[in-house]
Every structure is written in structure tokens, then in C-alpha cells.
Amino acid sequence: MTQQNAAPDVAAGRLSDEEYKKNFADLHPLLAPHEAMVEADRCYFCYDAPCTQACPTSIDIPQFIRQISTENPAGAAKTIFAENILGGMCARVCPTETLCEQVCVREEAEGKPVKIGQLQRYATDHFMETHETTPFTRKASTGKRIAVVGAGPAGLSCAHSLAVEGHDVDLFDARSKPGGLNEFGIAAYKSVDNFAAREVEFVLSIGGITLKTGKALGKDLNLADLRTQYDAVFLSIGLGGVNDLGLENEGKSGVLSAVDYISDLRQAEDLSALPVGKRIVVIGGGMTAVDIAVQSKLLGADDVTIAYRRGQGRMNASEYEQHLAQTNGVKIMSWVQPKAIAAENGHISAIELERTAEENGQLKGTGETVTLPADMIFKAVGQTLVSADLNGADSTVQIEKGRIVVDADRKTSLDDVWAGGDCVLGGEDLTVAAVEDGKIAAASIHRALSA
Amino acid sequence: MADLRTNFIGLKSPNPFWLASAPPTDKAYNVIRAFEAGWGGVVWKTLGEDPPVVNVNGPRYGAIHGKDRQLLGLNNIELITDRPLDVNLQEIKQVKRDWPDRAMVVSLMVPCEEQNWINILKKVEDTGADGVELNFGCPHGMSERGMGSAVGQVPEYIEMVTRWCKQHTRMPVIVKLTPNITDIRKPAQAAHAGGADAVSLINTINSIVGVDLDAMAPSPTIDGKGAHGGYCGPAVKPIALNMVAEIARDPTTHGLPISGIGGVTTWRDAAEFMALGAGSVQVCTAAMTYGFKVVQDMIDGLSDWMDRSGYTSVDQFVGKAVPNCSDWQHLNLNYIAKAKIDQDLCIKCGRCHIACEDTSHQAITNLVNGVRHFEVIDEECVGCNLCVNVCPVENCITMEPMAAGSVDPRTKKTVDPNYANWTTHPNNPMAVTEAAE
Ligand SMILES: Cc1cc2nc3c(=O)[nH]c(=O)nc-3n(C[C@H](O)[C@H](O)[C@H](O)COP(=O)(O)OP(=O)(O)OC[C@H]3O[C@@H](n4cnc5c(N)ncnc54)[C@H](O)[C@@H]3O)c2cc1C
Ligand SMILES: Cc1cc2nc3c(=O)[nH]c(=O)nc-3n(C[C@H](O)[C@H](O)[C@H](O)COP(=O)(O)O)c2cc1C
Ligand code: SF4
Ligand code: SF4
Ligand code: SF4
């Protein structure tokens, strides 16, 4: 029997309990106190520190690292939370290699940056371990009410900042659980032990935020009503849709959206119940592509290939992420694009990829093809804004290139509506950028409501 | 390979590295291991009279740590040997017999009566030891009994006891000095006047190494209390170097052999002590931190450095830096230097900028044309060297002397080629003006 005709091999429970546990353990375990001290001692306490400049939330990094080194981790955490209330999650998921750690002067000096992310985690974990609530106290109530739609990082950050200022926030989310992609998207080994949910609880501990889950804008809520019922609205609904490949057989069993599958994985009580293919092809080149590839490998897939249409250097996934994929045994195939999906008996069996080349900046198929047998194909070719949810009668925020247009204050074209996170134009599609958007919008909303 | 053999006041050793009188030299077992590892000599842990002293049974050491818990300073409240005198003497005799090529010095501390010294000197002579060291340095425990630094702080006593010892033994006498005194030259002069063959220094420095903020007591804490102890290790080296230099420069004691002690951890530390006049060095904390093996790189490193520098024997560089030890008022005020940043080495941490900006002379940029850039502003730089010291990159900032005849952009004055110091400076009310008569 040749591989092409083989029955699809999609199965659950490919590994032993021990293997699942080991594979999905913390990617970077918490530093031990001595390790943290040694690492903190490496920081030069730079003036006008480059790392702080590179942090989208401008955390005073030399300050918090110094606080760790003087055995004041709680103070370090306060320094972090003052700029970034989701400093705990950011410490786990930020691509530090392209942010703070990329510009650390130690990177320049010796190619080994201070492990800022891991130190940040050390401080924030310590604080959350030893404190019930955020280090902030709410100011006296202003009586103003704000609707925050979407309880992902952008929404949580905005809601927290507003609550600190004494405003009352209703935080809506379509899902039954808050957290956004922190809860449903981030790779499992980056956020273990239910951290996303614990962090949401921590953020909400400020008080003044009423979480309303199972409330979808466009279904249970509409923007026009929110605008009349609230003093201001913040939209942080992320990107709810996914791009399709546009190929025949895409609807057949075995072709899955990477984000949906990751969401199932993140919510799975028992990883061994999760079916995974033996041979997997991932289409895409971003963080999602890497995450689905690595996680399916960790679930026991035999043969995982990321098929990316340009050169590896152009992948959106950072070099570190690419390296992570490769050290986990994922193959990265560049300069190929999907051309056709073969299916048998309602299940896909292979994918035909066409080699590509760039001519005058234009990507073109060369005609040459290669066929990879596949039990599962994951689509990780980008997410889209479900803009239909936004716009009801006479409340229309301006949309461009499929994203909400905002100004520097994260205000939309509507005077009482702000937006941030993945759903806005010009964003970086990073957790930390979403947090910063929420923070900036909250400050702007506060100014507007105090005027 | 350079010749490291040392002849210090007639005491011969294969290298200048001796173990100082302390726990590493308290027993035959330790000393034999030290000799096996290559140490050139030992000063046996200080002997006293029977009954032996007792030590505390709780912690006797405390420490200051640097990065990665590197031990920088050690504090102790240990006393002299707590083993019976006879046991020590027998062991000394045996070890000296088995290791005839190593220097065997015996440290002594007995009450300030001539007879007590006569008695113990006799016993030490019988062991065949090469010399004695009078411990006038221990700052805790013994001084309360009128010994150790209680003697070392009174030059008259030092002279008296030294004289007794010289009178009653044919062994060379080394006087070990305490640093817990304002002017180290005074006890050295006293030792010299009493006929000492050499001085050794420093013993440990009075210290409280830290405070336990939970127990609210000095650390280390014994049943809720702490006592001051003696400080040693890398942190004390600068203090020891200065004291050695003071004695080497003093006209009365110039040429008096010195055994340098205090923070010697590497061959370089040893070479520095020797350049300031030490004919041998003694080590305690480095051995207590790393074990006896540390001597191997001291030997190898010193000999390699000597080869590189063209020295074939140690006496060629002992004391060589002494003539260049000067005093402030004799430094050349016409020497003008400016800091210079090597832009290729600079990693742009900004420490030089903020140090100079906040605490010195506002002489380093942080932005040039809006770009992060650190450069010295010669118009402001006074050449203080602070930036050099705070820069994390070695040799990135250097102090460049200005050529005579050029104009200092800060003062707008031409750099004078002639030497001129404070004693003749017009601002000095007590300036000696040659033209006066
Ligand atoms: C697989 C994957 C891996 C990633 N890994 C990383 C990483 O390692 N590091 C990193 O920095 N970034 C990573 N990202 C990106 C990061 O997760 C996002 O940039 C970030 O979560 C955006 O935050 P947000 O608040 O804008 O949106 P989301 O996190 O998407 O949250 C949006 C929230 O809005 C809710 N919502 C949506 N529509 C509606 C509606 N109509 N009504 C009410 N509620 C609605 C959703 O349920 C969700 O809770 C990853 C993304 C993916 C997909
Ligand atoms: C635990 C301890 C005990 C010591 N005991 C003695 C002693 O009995 N007699 C003595 O002359 N010096 C004693 N010293 C001082 C050392 O000999 C030496 O002078 C001092 O430690 C400085 O050298 P270092 O920096 O290499 O340790 C002791 C030092 C330590 C740490
Ligand atoms: S750039 Fe690096 S060394 Fe400098 S403050 Fe930031 S973390 Fe510390
Ligand atoms: S030498 Fe002193 S004054 Fe000159 S730049 Fe450096 S710190 Fe500033
Ligand atoms: S301290 Fe040194 S490395 Fe840092 S900016 Fe100044 S010159 Fe550059």
C-alpha cells in the first residue's frame, strides 16, 4: 500500500500520560531565587534604558530588575504592573527576542541579553502568589459607566485602568470564559497551570468591573444601544474570523482552522482525548503556524511540516519561534503555496504545493509542484475582523483594510467609542500591544469623561 | 620559567606564597595538604598558653557577597588555636621534619610578661621551626585579655615584647601588625626599634559584617547576640596595600622586610603587594574560600607574568613601585587628561552619562542629533575618571593625557610642560615661593 492511499491516520492518545505531561510542561520554568539574583545582577541599570524604550508598555525594566536584585520582588512587580497589569502573561508570551531583549545592551555586548521576560515572570509570579489583589486602590467612584466589549488582553487592560480611576466598567465577552487568546490561543506550554484564568481574576480584583460573559456584540448587544447606555465604549473584540485557503476540498474532514484547534487544545481537560493526525501540514508563517505545528508534534504527530509561501527570513514568527519549531522536529518548507487538496472518502489525504518565486516583489507560482501526504491540514493564514458584529443602525466605526481605524488615543471615528488590540488597524497583533492599547484608550476615555 | 624561590629574612621557601596564621594552618593535617598543593610556607595558627582558649559553638564567620554570591569579605570571631600547646608543638616538629624545604613560622600570643615569652620561645625552638610571628593583631576575644591588638595598638608594648623575643631566641622574629590603628607607621617603627626582623600585615579589621534585620542583631548571631569580629578577604586588600606602602615609604622603616597580607586571592594581588615592598605574601581567605589548590595558579600566573615582564627572580620587582608612591601635594597639577570613549566598544548603557551628569561635571552626552550617543564634552571634562570606573566595558573609556602646548578646552589654558604641584600653587596660602627672597 502506498502512502497516498493509506487510510487517514487521525487518532487520540498517541502518548503516555507521562509524555503528555512532559511535552506540555512550562516552556521556561520559573527562575529559582538564586538564578533570578544572578540574572538580575547582569543588568547594568542603563540610563534611559533601550529595553524600556522597546517595551510597548514602557515598563521601567532597569528599575524592576534592580528591585529583584535588592530582594524586593514585590516592589519589582508593582513597577511592572504600574505600566502593564498583564505583566504576568506578557512575561510568558512576549517575543522578547524582538522587543526588550533584542535591544538590551548585553545583547550588543555579548549576544546574551538579560533575561528580562523571565525576571518579569519571577517578580509578577511572586506578587500574585503572595497577594490577593492588584497593588492598586480604586479612586472614589465617578459614577461614569463604560462598556468594554471583549475580555482579551486589550479589554482587561482598559477595564482595569478605568476601574482604578473610579469608573464602573461592564466587561462583555461573547465566550463563556474571559481572557481572549490568553485563554484560548496562546500555546499551552507558555501558559500552564491555568494562569490565564488566574490572571483575569487578579485583574478583576481591583473591583468596579462587572464581567458579563456570553454576550456577543452583533447578537446580544449592539453598538448603538451601548452608546446610549454608557458614557463610553471600548471595542476589543480581537479577530473572530479566519482566512480560507480558497481550495476545493477545504470543507472536507481533516482541514482545520489552527486557532480553533488550539482553542480546543487549551480547553481540553485531557490531552489524550484530542485526536491528532500522524502526518500534518500547516499552511502559514506566523506565530499561529508555529504554535499549531509544535503543539501537534507534542501531541504525538509523526511528521509535521510548515509550508510557507516566501523565504524563511520573511516569516512573521520570530527567529526564536522558528528555532523552537525546528528543535521540536517541525520541518519548515519555504517558497511553496497550497494548490490543491486531495481527499478520499470525505477525508483529505494529501496536499499539493506549488513552488513559488519572487519577481519584482511579486510572488508567483513556478508551476512546479510537490505533493505531501497529510492526515490533517491546518490553516494558519491569518485572522479577520468580523465587522458585521460592529455595525448596527447609525453606529458605524470607520474600517480600513478590514480593521478598525483609530487615532493615537485609540479613539475611533465615533466620538464616544474607542478600540484597541488585534481589531484595530496598524497594530502588532501581540498581547503586549493589546495591553498598551487598552491602557492608552483608558487614559483617553478618562480624560474625556473628566473634561 | 622565572625563579620564584624566596629568601625572606633567611627563611627559604620555593615560592613567596605562605598561608597566614589561621584555620588553614591549625593542624598538621591541613598544613600537609597545603604543602602537597604547593604552598611555599605557613605561619602556624597562633599558639597560646595552656589551658587552650575556647571558641564559640555557634557561627564564627559572616560574609559580604558580590554578584553570584562571590565572597568579597569574610568576618570571623575565632580565637587563637583551641588545641593543647603540646599537640601543636609535636605536629609542627613532625611537619617541619617532613617538609624541610618549606618555610615554617610559628605564630605566638602570650600574656605581656617577659617570662611567658621566654617559656614559649624555648618550646618553639625545640620544634626546629624557622621563625616566629608575634600576633599583635587579633581584634576580638584576645584583646579583651590584654593580648593581640591590645598590644598592637600600643607601640611601647610592641617594642618591649619584640625586644624580649629578639633577646631570647635566635629565630627570626616577624611582628604581625593590626590595622585597627590610625597610623600604621607607629607600630611598625616600634617593631623596628625593638629589633624585629620583619613586619607582617595586615591582621583582620574590626568589623560588623551586617545586621540581621529580623533578629535585630549583628550577624552572625549567636543566641540572639552578635559581636564585632575581624574582617578580611578581597575587600580589605586596598587598605592593606596602603598600609604596606606606608611602611615601605617611611624613612624609619624603609627597607624593613614586609610579609604582605590582606585579600591576596590571585597572583596579581600578590605581585601588587610585592611591588609595594612585600618580600612574601600570606593568604588566608582565598584558601578558606577555594581550598589549597588556589596556590597553583598563583605560582603559575606569577611566573608567567614575570617571564612576560622580563623578571627572572622575585627580588627584581619587590619594592619597585615604592618610589612612585607619592602624596597628593606632590602630584603634577600640570598633567591634564580627558576621558575618551571608544565608540566601537561602547554598548550604549548610558552609565557614564548619568554618573557624570548627576554627580560630576555634565561632560558626557546622551543624545547627539537626537540619536543615543555617548561622547565626552572636552569643554566640561575635568578628567576625574569616574566614567572609566562605572563603565561596564573594559578599556571602553580611557583617560588621554593632553600634550604639552595644546589648549585645554575647559580652562582655555595652554598645557604647561613643566611639573608643578600644590606646594607652589598660587591658590595655596602656604605656598613656598622661590622668588620670595
Ligand atoms: C495561536 C495564537 C498564538 C499567539 N501567540 C502569541 C504569543 O506567543 N505572544 C504574543 O504576544 N501574542 C500572541 N498571539 C497574539 C495575541 O494573542 C493577540 O495579539 C492578543 O490576544 C490580542 O488581544 P485582544 O484583546 O485584541 O484580542 P483577543 O485576545 O482575541 O480577545 C478578544 C476577545 O473578544 C471576544 N469577542 C470577539 N468578538 C466578540 C463579540 N462580537 N462580542 C463580544 N466579545 C467578542 C473574544 O471572545 C475574546 O475574548 C497569538 C495569537 C494566536 C492566534
Ligand atoms: C578565621 C580566621 C582566624 C584567624 N586567626 C588568626 C590567628 O590565630 N592569628 C593571626 O595572626 N591571624 C589570624 N587571622 C588573620 C589572618 O592570618 C590574616 O591576617 C587575615 O585573614 C588577612 O588575610 P586574608 O585577607 O588573606 O584573609 C585569622 C583570620 C581568619 C579568617
Ligand atoms: S538594556 Fe539590558 S542591561 Fe540595560 S537596563 Fe535593560 S535589561 Fe538592563
Ligand atoms: S572624567 Fe569625570 S568629568 Fe570627565 S567625562 Fe568622565 S566623569 Fe565626566
Ligand atoms: S558607560 Fe561605557 S559602555 Fe556605557 S555608554 Fe558609557 S562608554 Fe558606552
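In what follows, chains carry the letters A, B, and so on, assigned in the order in which the sequence lines appear, proteins first and then strands, with residues in each chain numbered from 1.
- Of the atoms belonging to B:Cys346, it is backbone heavy atoms, and not side-chain ones, that fall under 4.5 Å from chain A.
- Annotation: cation-pi pair A:Arg92/A:Phe195 present, NZ/CZ under 6.0 Å from the ring centroid and within 45° of its normal.
- Ion pairing between a basic and an acidic side chain is recognised when a charged N comes within 4.0 Å of a carboxylate O; A:Glu110 and A:Arg106 show such pairing.
- Classification of B:Glu400 and B:Lys338 as a salt-bridged pair fails, no side-chain N sitting under 4.0 Å from a carboxylate O.
- If you run side-chain hydrogen bond (donor to acceptor under 3.5 Å, both in side chains) between A:Thr79 and each of A:Gln63, A:Arg66, A:Gln67, A:Gln120, only A:Gln67 comes through.
- Close approach to chain A, defined as a heavy atom under 4.5 Å from one of its heavy atoms, is seen in no residue of residues 212-221 of chain B.
- Between B:Lys348 and A:Asp48, no side-chain nitrogen of the basic residue sits less than 4.0 Å from a carboxylate oxygen of the acidic one, so the salt-bridge criterion is not met.
- Between A:Glu35 and A:Lys115 there is no salt bridge, since no side-chain nitrogen of the basic residue lies less than 4.0 Å from a carboxylate oxygen of the acidic one.
- Of the listed residues B:Asn366, B:Val393, B:Val390, the one with more heavy-atom pairs under 4.5 angstrom with chain A than any other is B:Asn366.
- Cation-pi geometry between B:Arg33 and B:Phe292 is not satisfied (NZ or CZ under 6.0 Å from the ring centre, within 45° of the ring normal).
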